[in-house]
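Structure, as structure tokens:
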Amino acid sequence: MMGSQIPGLILAGGLSRRMGTNKALSLLGGKPLMSHVIDRVTPQVTTLALNASEHWADAFDLPLVPDTKAGHAGPLAGILAGMRHVANSASKATHFLTVPADSPFFPTGLAARLIEHITDENAIVIAASTGQLHPVFGLWPVAIADDLEAWLADDRNRRIRSFLARHPTIGVSFPPVESVTTAIDPFFNINTPDELATAEMFFKSMHT
């Protein structure tokens with residue numbers, strides 16, 4: 001079955017400028033954001049790797065997949081590195097799942113839902129909520145790696161949405177995550193101390 005083997009890649013190559021410190025290591029409920037993401041995605045994938053370049057990532061004991069393109073070229077560079085990694089390490093996989101290191105509440109059934117919408121080995125399947133696409137949560141086809149590499153050769157090409165326009169892309173919508181007292185976007189991401197505080201409040205409401 002197409003999509004039956006889905007490796008995973010956590011995108012953690014960002015610079016965390018707005019947080020002031022490495023947001024992947026920021027604490028939520030007493031443990032690093034990265035640990036929440038690892039716990040949530042591990043049961044959904046066959047293997048898991050981490051797109052990051054710094055030594056801090058060693059603490060999480062995951063295979064490191066650094067950008068293959070020099071400079072900080074954004075999430076697309078991490079996705080390209082993932083495509084090359086999966087092509088070399090998981091020959092039967094047509095797609096792999098990406099999630100970012102700063103979103104701790106994404107659905108536990110994310111991969112299963114996205115897999116249902118794979119139409120062919122070139123299709124990109126992206127998560128959505130409240131009418132918005134979230135391209136860093138997606139199933140990316142390994143087969144389009146050469147096209148992505150050629151696209152990134154032009155330094156003006158950094159926007160994921162512009163790249164998506166080049167390929168068949170399916171958006172799959174997910175509902176809010178609800179606790180007893182409140183709800184939050186499942187793809188809520190944490191870039192600032194205020195957003196971390198919001199996440200902490202929601203996390204506590206899930207565990208009361």
Do [X] and [Y] touch side chain to side chain, with heavy atoms closer than 4.5 Å?
X      : Y      : answer
Arg161 : Pro135 : yes
Val99  : Val136 : no
Leu97  : Leu9   : no
Pro141 : Val125 : no
Leu139 : Ile124 : no
Ser129 : His134 : yes
Phe137 : Ile126 : no
Ser103 : Phe188 : no

Determine, step by step, whether Asp67 and Arg84 satisfy the salt bridge (Lys or Arg N to Asp or Glu O under 4.0 Å) criterion, reporting the C-alpha distance in whole Å, the side-chain angles of both residues, the deciding distance to 0.1 Å, and the verdict. CA-CA 10 Å; Asp67 288 356; Arg84 298 301 191 197; over 6 Å; no

Indicate yes or no for a side-chain donor-acceptor contact from [X] to the backbone of [Y] under 3.5 Å, with no hydrogens or angles considered.
X      : Y      : result
Thr68  : Ala81  : no
Asn157 : Trp151 : yes
Ser35  : Leu33  : no
Gln44  : Ala111 : yes
Glu149 : Ala145 : no
Ser205 : Thr182 : no
Thr47  : Pro7   : no
Glu200 : Gly29  : yes

Going through the checks in order, is the side chain to side chain contact (heavy atoms under 4.5 Å, CB included) test met by Glu195 and Asn189? CA-CA 8 Å; Glu195 288 167 350; Asn189 68 309; 5.6 Å; no

Compare every heavy atom of [Y] with every heavy atom of [X], then report the nearest pair and how far apart it is.
X      : Y      : value
Leu133 : Gly171 : CD2-CA, 3.9 Å
His95  : Ala123 : NE2-O, 2.7 Å
Leu11  : Gly78  : CD2-C, 3.9 Å
Ala12  : Leu50  : CB-CD1, 3.8 Å
Ala49  : Val65  : CB-CG2, 3.7 Å
Ala101 : Val37  : O-CG2, 3.7 Å

State the [atom1]-[atom2] distance between [X] and [Y], to the nearest 0.5 angstrom.
X      : Y      : atom1 : atom2 : value
Gln5   : Thr46  : CD    : OG1   : 5.0 Å
Leu110 : Thr98  : CG    : OG1   : 8.5 Å
Trp140 : Ile79  : CH2   : CD1   : 4.0 Å
His117 : Ile170 : NE2   : CD1   : 8.5 Å
Leu48  : Leu62  : CG    : CG    : 5.0 Å
Leu148 : Leu80  : CG    : CG    : 4.5 Å

Could you tell me whether [X] atom [atom1] has more than 12 heavy atoms of other residues or ligands within 6.0 Å of it?
X      : atom1 : answer
Arg166 : CZ    : yes
Asp61  : CG    : no
Lys31  : NZ    : yes

Relative to the ring of Phe163, is the ring of His167 parallel (under 30°), tilted (30 to 60°) or perpendicular (over 60°)? tilted

Can the ring centroids of Phe187 and Phe106 be said to lie less than 6.0 angstrom from one another? no

Taking the six-membered ring for Trp, are Phe203 and His36 closer than 6.0 Å centroid to centroid? yes

Walk me through it: do Thr198 and Met201 pass the test side chain to side chain contact (heavy atoms under 4.5 Å, CB included)? CA-CA 5 Å; Thr198 298; Met201 288 175 61; 5.7 Å; no

Check whether the side chains of His85 and Asn51 place a donor and an acceptor atom closer than 3.5 Å, and report yes or no. no

Can you list the steps and then say if Asp185 with Phe174 is a side chain to side chain contact (heavy atoms under 4.5 Å, CB included)? CA-CA 9 Å; Asp185 188 308; Phe174 290 81; over 6 Å; no

